[in-house]
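The block underneath contains the structure these notes are about, expressed in structure tokens.
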Amino acid sequence: QVQLVESGGGLVQAGGSLRLSCAASGSIFSINVMGWYRQAPGKQRELVAAITSGGSTNYADSVKGRFTISRDNAKNTVYLQMNSLKPEDTAIYYCNAGADWDNYWGQGTQVTVSS
């Protein structure tokens, strides 16, 4: 089993920055990829960014150049640095961990970007 604890969500003005953190615990040795998804009301859940155990990254087109996903293997933590935030980035952000046999989710953290 893997447990994910998110932090860093909140309210920020357009153009501002925010950093989300996701700390993994449990059977962390089985995690192959970690990432961030988001879902706004009435919208589809979408992958924001992901990073593999080997360091490969993937970003949604809407956040390329503004968001950066990174990892700290010693702390079993993945980060999402969000810069130049837009109101369209407002959503619940979920941490995700893909393991050998299962997929795990955090409880989500609200990010609200005001105009």
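Within the 4.5 Å cutoff, the side chain of Val12 has no heavy atoms near those of the Met82 side chain.
No side-chain donor-acceptor contact under 3.5 Å links Asn83 to the backbone of Gly16. When atom types are taken as modelled, the side chain of Gln81 and the backbone of Thr68 share no donor-acceptor pair closer than 3.5 angstrom. A distance-only check finds a donor-acceptor pair linking the side chain of Ser27 to the backbone of Gln1 [under 3.5 Å].
Note on residues 4-46: pairs passing ring pair (Phe, Tyr, Trp, His ring centres under 6.0 Å), not counting sequence neighbours, are Tyr37-Trp105. Counting only residues at least two apart or in different chains, disulfide (SG to SG under 2.5 Å) contacts with residues 5-96 comprise Cys22-Cys95. For residues 100-115, no pair satisfies salt bridge (charged side-chain N to carboxylate O under 4.0 Å, His left out), with sequence neighbours left out.
A continuous path of ILVMFWY side-chain contacts below 4.5 Å connects Leu20 to Ile31, so both sit in one hydrophobic cluster. Following chains of ILVMFWY side-chain contacts shorter than 4.5 Å, one cannot reach Val63 starting from Tyr94, and the two form parts of different hydrophobic clusters. Hydrophobic clustering, with ILVMFWY side chains joined whenever heavy atoms are under 4.5 angstrom apart, keeps Tyr79 apart from Leu85. Each of Val78 and Val33 belongs to its own hydrophobic cluster when Ile, Leu, Val, Met, Phe, Trp and Tyr are linked at side-chain heavy-atom distances under 4.5 angstrom.
Applying the 6.0 Å contact sphere to CD of Gln3 captures more than 12 heavy atoms from other residues, nucleotides or ligands.
Closest approach of Ile69 and Gly35 over heavy atoms only: CD1-CA, 4.1 Å. In terms of heavy-atom proximity, Ala49 sits nearest to Leu80 at CB-CD1, 4.1 Å. When every heavy atom of Thr77 is checked against every heavy atom of Ser21, the shortest pair comes out as CG2-CB, 4.4 Å. Contact detail for Ala91 and Ala40: the closest heavy-atom pair is CB-N, 3.8 Å.
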Mind running side-chain contact (heavy atoms from CB on, under 4.5 Å) on Gln110 and Thr90 for me, showing each step along the way? CA-CA 8 Å; Gln110 177 69 233; Thr90 296; 4.0 Å; yes
Does the side-chain contact (heavy atoms from CB on, under 4.5 Å) test come out yes or no for Ser62 and Arg38, once each step is laid out? CA-CA 12 Å; Ser62 59; Arg38 69 184 181 187; 3.3 Å; yes
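Salt-bridge check for Lys86 with Asp89: failed, with every basic side-chain N at 4.0 Å or more from each acidic carboxylate O.
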